[in-house]
Chemist: 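Could you have a look at this structure, given as structure tokens, before my questions?
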Protein chains: 2
Amino acid sequence: MKKFQIIYNDFRNKIVNGTYAAGQALPKEADVCETFGVSKMTAKRAFDMLVSDGFIVKQRGKGTFVQDISPAEMEILAEANQFLGTTALNPKKSVTSSVLHFETISVPLDVADKLNISPIEQVYDILRVRQVDGMPMVIEHTYMPIKTIPDLSLKNVESSIYNYIEHKLNLKIASARRTISARKATGEEAALLMLRKNDPVVEVKQIGYLADGVAFENSTSIHRYDEYEFEIVLHRKN
Amino acid sequence: MKKFQIIYNDFRNKIVNGTYAAGQALPKEADVCETFGVSKMTAKRAFDMLVSDGFIVKQRGKGTFVQDISPAEMEILAEANQFLGTTALNPKKSVTSSVLHFETISVPLDVADKLNISPIEQVYDILRVRQVDGMPMVIEHTYMPIKTIPDLSLKNVESSIYNYIEHKLNLKIASARRTISARKATGEEAALLMLRKNDPVVEVKQIGYLADGVAFENSTSIHRYDEYEFEIVLHRKN
DNA sequence: AAGTGGTCTAGACCACATT
DNA sequence: ATGTGGTCTAGACCACTTC
């Protein structure tokens, strides 16, 4: 474990469990350096990560303080933070997939632009409905270039594509660009999600990237409006 | 301007305008150090910011490369990134507010928890409909503690509360926690937004924080489903 | 073996807040 | 004047990739 991670974890735990309460001052950088036997840059790095995650604020000339958050809200904040597929997000529940389409096609033009590939390339065209404990939660329409994700099988698609990519192909999923909006469900969507036509759905468009920067996935997910919530901490620039 | 910002801006511009194309290698850290006359930590910091914003990827042992993004998508990425109020987000359009409620009340219990204040404190209770070029876009229901934001006037509420906070009170708005979900519009919401009852709306709940970590705002915004979109770049932790 | 980025140091000096 | 965090340096050493 890296030194900055040790320091980050230590203070994160003490903030979440209330050892450091809302508004309370944390030790100054110089003390952290001494306590953990690290240099200033390393202590600063750990604190900067806590700022980024919304736990603390730093004020030049004054000190470092726990963000003004109630214990109940602190719990929620501690649980938030990550980006994962549906399987990993529901580790305690049974996640299953019904595969409605799974074929290889020439890439549609708009998808070619998002994946930044030539319009003559082939992609998987995958349509799945994912259930949590048997209840349909989301329709996922995914395109993936076959040259990047070779030999994808129906079995992979039925269980977890991310698992295949990371543990069979040994590729690292690194980041994603996501757009979130809402609209009315079409009749087909409503039927699949057990909603009525024109009920609200959340539409999440995502472009996924591997650690080498290559786009490997362009997906559109249609979520039941009553089963989707997206949380984030935002920081103003400057 | 800080050195790391100069380097960040330089490469950001060259990536957005195509001087460095998708997949292309950027200079190695050592070269950046020499070119800009900075140390390794400073060059690294600038590149780490570009990673965070989704422009590049770094691969240990190999080098640094532009993310695999088409020129069209690069434009979109370059425009994204920030958190601002409605006024600032629509600088070219006329943003107006209809104030439906503006009173001072004892804080509701759930709001007291989000703002982490005592249940006997007073807060502004503000209900506004905000229009862009005359079209109703969003209903904002905002609570703010009067002790943190004193002397808020109807005039401020009619124009821009953020402007009052930042330029009259000289407080710095630093961060926010946001939750995004969708649901059906109530009859009242539909009337205000010129929708039909049960049409989709996007519900954005936000807790805003000042630079000293104090929560100054708890708001719920109801957006027309066809006029709201939220974009973000996410990174996987490890 | 050579080349790349990642972590970390032990300081120096600066900017802002408080006394 | 003192104390705080912010920027930056000039390295050392490590981890991973490629040859």
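In what follows, chains carry the letters A, B, and so on, assigned in the order in which the sequence lines appear, proteins first and then strands, with residues in each chain numbered from 1. Everything quoted here is computed from the prediction, not taken from an experiment.
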Chemist: Check salt bridge (Lys or Arg N to Asp or Glu O under 4.0 Å) between B/Lys44 and all other residues, then give those that pass, not counting sequence neighbours.
Modeler: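 Checked B/Lys44 against salt bridge (Lys or Arg N to Asp or Glu O under 4.0 Å); matches are B/Asp48.
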Chemist: Measure the shortest side-chain to side-chain distance between B/Tyr143 and B/Asp125 over non-hydrogen atoms and say whether it is less than 4.5 angstrom.
Modeler: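 The answer is yes; the side chains approach within 4.5 Å.
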Chemist: Once you measure the plane-to-plane angle for A/His223 and A/Tyr228, does it fall in the parallel (<30°), tilted (30-60°) or perpendicular (>60°) bin?
Modeler: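 A/His223 vs A/Tyr228 ring planes: tilted.
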Chemist: Regarding B/Arg178 and A/Glu231, does a basic nitrogen lie under 4.0 Å from an acidic carboxylate oxygen?
Modeler: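 No, this pair does not count.
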Chemist: Taking the six-membered ring where the residue is Trp, are the ring centres of A/Tyr8 and A/Phe47 under 6.0 Å apart?
Modeler: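 Centroid distance A/Tyr8-A/Phe47: not below 6.0 Å, so no.
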Chemist: Reading nucleotides 6-16 of chain C 5' to 3', which nucleotides get B (base under 4.0 Å from a protein heavy atom), which S (sugar-phosphate only), which -?
Modeler: BBBBB----BB
Chemist: In whole angstrom, give the distance that lies between atom NZ of A/Lys28 and atom P of D/dT2.
Modeler: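 Taking atom P of D/dT2 as the reference, NZ of A/Lys28 is at 14 Å.
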